[in-house]
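All values below come from the heavy atoms of this structure, side chains included, with hydrogens, waters and symmetry mates left out. Counting from 1, the numbers follow the sequence of the chain as shown.
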Amino acid sequence: MTVRVRLAPSPTGTLHIGTARTAVFNWLFARHQGGDFLLRIEDTDRERSRPEFTADILDGLAWLGLSWDAEPVIQSERIETHRAAIAQLLASGHAYRCFASEAELEQMRERQKASGSAPRYDNRHRDLTPEQQQAFIAEGREAVVRFRINDGATIGWSDLVRGEMRWSGSDLGGDMVIARRAPADQIGDPLYNLVVVVDDAAMAISHVIRGEDHIANTAKQLLLYEALGLPLPVFAHTPLILNQEGRKLSKRDGVTSVGEFRAMGYTAEALVNYMTLLGWSPPEDMGERFTLTQAAAAFDFDRVNRAGARFDWDKLNWLNAQVLHELPSAELSKVLVPLWQAEGWSAPSASRNAWEQELAELLGPSLTTLRDGVEQARPFFERPEPDAGARQQLEADGAIAALTAVLERLEASDSTDSPDLSVEQAKSLLAEAAVAAGVKKGVLMKSLRAGLLGSLQGPDLITTWRLLHASGEDRTRLMLAVAQG
């Protein structure tokens, strides 16, 4: 059997982290089995589906590295095939038209609520006579199409994650609607459980891998497979992603879409690594840091947990930091430069690439997210206002004298052939300035940092100074510090 799995997102919103994790598990299983990973865009909700959401979903999957193996199937283009399946169920007696009005259904629900009964359809129109149907039609009533569910039926399947599953037909809420309301001589818009079954069969899907919130749907869909005479896929229901309180992760928890994680500065490599760990336990010798390819080589459902997976920001941050820290400076600068340019920042034109790469190398070890690479780079492009600690340092004894001595030596060094400031030149210049100003090296270094960065905290001082010297900013900032001191 050729393994064929699918992701079937609804384009009624952006790519949710839960949908993306489902995509990861499907992709890993397909690659491990040498099978196909397919996409189906379930856009039959005409009011809420938007092309921009479809674009966001496809872009997010591509960014994560989850390549698919065929053109996506567009569900709305198959509506006549879905209607044909409903017509088959009507003809075989597995489905029927229900003329109950919304008002009647609401009264039914209110009675059930008052009696403390579980909400369910009472199958009132399951066995209408032709005369009763004609009477409703004469009243001008429209009808939904419902699929018959035998309350005494037992539905079972062997789930790759949860083992043997059993559902009673009486727990499925009565006969289910498979087509929306329409005139009695027509079939209305087909609904989710029906179209999923028809499309999965048409796509020859061998394994349906989705979240545990679909378990009740699976029981209903198995009845539809049987009634339509379609081959059954294997099912795997993965654990939900939970917040720190143990509830399903939702918009109330803040960031939930892949695009939002991307905008916050998380890398695709770290995010997909983390999503793999949300519900799957890698072999001990594999560790927690791995690529998609490495995960695919080891992936199986024996290691997928049944319990919900709590989202852990600290773990994601650690993984993202590991990715950024391992990037060569040339690669890191390629990622950071567009973010700097989006802020309107540009490097010195004379040595742009080398300057950008050196700044990336300077900041890299302290980054957790790429947004950190923007905020930490800000003082290299925008002149900072001194904070309280920097102002206090510049008011300390010897601080202004030390910076004045540095400026005097910068004037002399700028008269040489090379405008660059090497590490050796910088260290020599500082040693000379400390002697000339009569201050300890510590006072000089703290004062220099306060003058250049407006703070006593920051990356390596010599490299910082060299970068600001190359952009022509060091002397200006030190002159301002001296003037304000």
Is any side-chain heavy atom of L128 less than 4.5 Å from a side-chain heavy atom of F136?
-> yes
Plane angle bin for Y225 and F235 - parallel if under 30°, tilted between 30 and 60°, otherwise perpendicular = perpendicular
Does the pair T464 and F380 meet the rule for a side chain to side chain contact (heavy atoms under 4.5 Å, CB included), with working shown?
-> CA-CA 8 Å; T464 296; F380 291 86; 3.7 Å; yes
Approximate separation, where rounding is to 0.5 Å, of L278 CG and I241 CD1 = 5.0 Å
To the nearest 0.5 Å, tell me how far S49 OG sits from I74 CD1.
-> 10.5 Å
Chi angles and distances behind the side chain to side chain contact (heavy atoms under 4.5 Å, CB included) call for L222, E226 = CA-CA 6 Å; L222 284 169; E226 181 181 2; over 6 Å; no
Please report the closest heavy-atom contact between I57 and P11, naming both atoms and the distance.
-> CD1-CA, 4.0 Å
Run the salt-bridge test on D189 and R46 with the 4.0 Å N-O cut-off and return the result as yes or no.
-> yes
Sub-3.5 Å donor-acceptor pair from the side chain of E260 to the main-chain atoms of T256, do we have one?
-> yes
Are any side-chain N or O atoms of R148 and backbone N or O atoms of G93, one a donor and one an acceptor, separated by less than 3.5 Å?
-> yes
Evaluate the side-chain proximity of R31 to F299: yes if any heavy-atom separation is below 4.5 Å, no if none is.
-> no
Please name the residue in the list L223, V208, L228 that meets the side-chain contact (heavy atoms from CB on, under 4.5 Å) test with V197.
-> L228
Counting only heavy atoms not in E110, do more than 12 sit closer than 6.0 Å to its CD atom?
-> yes
May I ask you to decide if R6's main-chain N or O and R40's side chain share a donor-acceptor pair within less than 3.5 Å?
-> no
Test: R4 and D69 ion pair at under 4.0 Å | no
Donor-acceptor pair, side chain of W167 and main chain of A216, under 3.5 angstrom = no
Out of curiosity, L271 CG to I17 CD1, how far, rounded to the nearest 0.5 Å?
-> 4.5 Å
N193 and Q221: side chain donor to acceptor below 3.5 Å | yes
Main-chain N/O of A236 paired with H207 side-chain donor or acceptor, under 3.5 Å | no
Between T14 and V258, is any pair of side-chain heavy atoms under 4.5 Å apart?
-> no
Can you establish whether the number of heavy atoms outside E361 located under 6.0 Å from its atom CD is more than 12?
-> no
Got a second to check how far E356's CD is from S329's OG, nearest 0.5 Å?
-> 12.0 Å
Smallest heavy-atom separation, F147 atom then H94 atom, equals CD1-O, 3.4 Å
Keeping the roles fixed (side chain from N123, backbone from D175), state whether a donor-acceptor pair exists under 3.5 Å.
-> yes
Atom CD of E104 with >12 non-hydrogen neighbours under 6.0 angstrom = yes
Donor-acceptor pair, side chain of Y274 and main chain of D312, under 3.5 angstrom | yes
Should H237 and R210 be marked as a side chain to side chain contact (heavy atoms under 4.5 Å, CB included) after you check the CA-CA gap, both sets of side-chain angles, and the distance that decides it?
-> CA-CA 5 Å; H237 291 89; R210 56 191 179 187; 3.9 Å; yes
Show your reasoning for whether side chain to side chain contact (heavy atoms under 4.5 Å, CB included) applies to L61 and L7.
-> CA-CA 10 Å; L61 293 173; L7 181 74; 3.8 Å; yes
Check whether more than 12 heavy atoms from other residues, nucleotides or ligands sit under 6.0 Å from atom CD of E385, and answer yes or no.
-> no
Is the W280-F29 ring centre distance short of 6.0 angstrom?
-> no
Which heavy-atom pair separates V374 from W340 by the least distance, and what is that distance?
-> CA-NE1, 4.2 Å
Side-chain contact, heavy-atom cut-off 4.5 Å: S257 with H16?
-> no
Please step through salt bridge (charged side-chain N to carboxylate O under 4.0 Å, His left out) for the pair E343 and R371, ending with a clear verdict.
-> CA-CA 11 Å; E343 297 287 332; R371 294 307 306 177; 3.5 Å; yes
Applying the side-chain contact (heavy atoms from CB on, under 4.5 Å) test to L38, which of I205, D200, V73, V5 qualifies?
-> I205
Going by heavy atoms in the side chains, are T22 and H214 under 4.5 Å from each other?
-> no
Minimum heavy-atom distance P379-L453, with the two atoms named | CB-CD2, 3.8 Å
Residues E331, K334: salt bridge by 4.0 Å N-O rule = yes
Is it true that atom CD of E106 has more than 12 heavy atoms of other residues, nucleotides or ligands lying nearer than 6.0 Å?
-> yes
When rounded to the nearest 0.5 angstrom, what is the spacing between NE2 in H32 and CG in D300?
-> 6.0 Å
Do Y121 and M108 touch side chain to side chain, with heavy atoms closer than 4.5 Å?
-> yes
Would you please test F381 and W355 for ring pair (Phe, Tyr, Trp, His ring centres under 6.0 Å) and show each step?
-> CA-CA 12 Å; F381 296 99; W355 191 92; 5.4 Å; yes
Looking only at heavy atoms, which two atoms of A296 and L28 are closest? And how far apart?
-> N-CD2, 3.6 Å
If we only count heavy atoms from C-beta on, is the L39 to L58 side-chain gap below 4.5 Å?
-> yes
Separation of L363 CG from L370 CG (nearest 0.5 Å) | 11.5 Å
L324 and T369 have their tightest heavy-atom pair at CD1-C, 3.7 Å
Does a side-chain heavy-atom distance below 4.5 Å link R97 with L90?
-> yes
Check: Q112 side chain, R120 main-chain N or O, donor-acceptor pair, under 3.5 Å | yes
Side chain N273, main chain E269, donor-acceptor under 3.5 Å | no
Examine the side chains of N317 and T368 and answer whether a donor and an acceptor come within less than 3.5 Å of each other.
-> no
Within the distance-only criterion (no hydrogens, no angle test), does the side chain of N305 pair as donor or acceptor with the backbone N or O of A307 below 3.5 angstrom?
-> no
Are any of the side-chain nitrogens in E102 or R180 under 4.0 Å away from the carboxylate oxygens of its partner?
-> no
Return yes if a side-chain donor-acceptor contact under 3.5 Å exists between T293 and T291, otherwise no.
-> no
